[in-house]
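So that the names make sense, note that chain A is the first sequence line, chain B the second, and so on, each numbered from 1. What you are looking at is a predicted structure, and each value in this text was computed from that prediction instead of being measured.
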There are 2 protein chains.
Amino acid sequence: MAISEAEAVVMEVLWRGAPRTAEEILAEVGPAQQWQEGTVKSLLNRLLRKKAVHAERDGRRYLYTPLLSRGQYVQQESKGLLDRLFGGRVAPLVAHFSEQRKLSKKDIAELRQLLRELDDERH
Amino acid sequence: MAISEAEAVVMEVLWRGAPRTAEEILAEVGPAQQWQEGTVKSLLNRLLRKKAVHAERDGRRYLYTPLLSRGQYVQQESKGLLDRLFGGRVAPLVAHFSEQRKLSKKDIAELRQLLRELDDERH
DNA sequence: TGCCACCGTTTACGTACGTAATTGAAAATT
DNA sequence: AATTTTCAATTACGTACGTAAACGGTGGCA
């Protein structure tokens, strides 16, 4: 089962630093998201069912830790989009952003650097 | 309201060529998707409600045409992912695929070409 | 020892989605 | 004209999601 968008918000908190209690997660996410306590609890439970986080008892409360890494998640999401929209190839995706003028100077510089590094690796 | 994944499958058919009848869409999508007629009709109706397609009566049937362009759709989806996962910047996304060794030779060649073109544009 | 506060678990509820069966109207056939 | 066929529109239904209230157990305090 896939991680939903609201669930991903909780995961982001855990990726920023774990383990965390439900209370801490709420504190970090509540203001921006306008979520009540129950909402965060539900999301955590769904993430538990999906084996995306692990809960370890710590006295009266639980400490939540991500089982799914951010890398894995990013990988799944990106690959999904790439496959669905760009035939699984990266260059067309970048070309798309290029056409939309969504490449910043910084992006371009970094892409250039990246390609240089790939060159080097290939000794 | 967003276009769902199943709805996007129907849109892809219409982007490949419009207008089309429901029957044509089914013929093109049914085998791969294992969808029945009713499924395609429902998806078309939801797309109509979302103003993503337009239907024009043609005798006894309707001809469906996309109102949302593939470009717009791709743009929304890509930007969503980019913002959610890569801070809205393209280079980190490409770096991610690079780390995952998901850049094909062809990708690399095309990216290089793309950067060259960007150089040229900047005369 | 009995009650309260604190947490997690369970249940709830409206909407969207995937998938389809049912209905209803119009056209074609007999 | 009556019947059958053909479409689209309506309704259905289980699951996921966003959001949260209600329930329940357990440790602390009066």
Compare side-chain N and O positions of [X] against OP1 and OP2 of [N] and report whether any pair is under 4.0 Å apart.
| X | N | answer |
| --- | --- | --- |
| B/Thr39 | C/dG18 | no |
| B/Ser4 | C/dC17 | no |
| B/Arg61 | D/dC7 | yes |
| A/Ser42 | C/dT9 | no |

Item to check | Any B/Glu24 side-chain heavy atom under 4.5 Å of B/Glu28 side chain | outcome: no
Checklist entry - In terms of heavy-atom contacts, does CD of B/Glu37 have more than 12 from other residues, nucleotides or ligands at under 6.0 Å? => result no
Item to check | Steps toward side-chain hydrogen bond (donor to acceptor under 3.5 Å, both in side chains) verdict (A/Asn45, A/Ser42) | outcome: CA-CA 5 Å; A/Asn45 269 316; A/Ser42 282; over 6 Å; no
Item to check | Among C/dG18, C/dA16, C/dG8, the nucleotide that comes nearest once only the side chain of A/Lys41 is considered | outcome: C/dG8
Checklist entry - Roughly how far, to the nearest 0.5 Å, is the CZ atom of B/Arg84 from the OH atom of A/Tyr73? => result 4.5 Å
Checklist entry - Quick one: bend of the helix from C/dT1-D/dA30 to C/dT30-D/dA1 from 5 pairs per end, to 10°? => result 40°
Item to check | Salt-bridge contact B/Arg46-B/Glu7 (side-chain N to carboxylate O under 4.0 Å) | outcome: no
Item to check | Pair of N/O donor and acceptor under 3.5 Å linking C/dT19 base with B/Arg46 side chain | outcome: yes
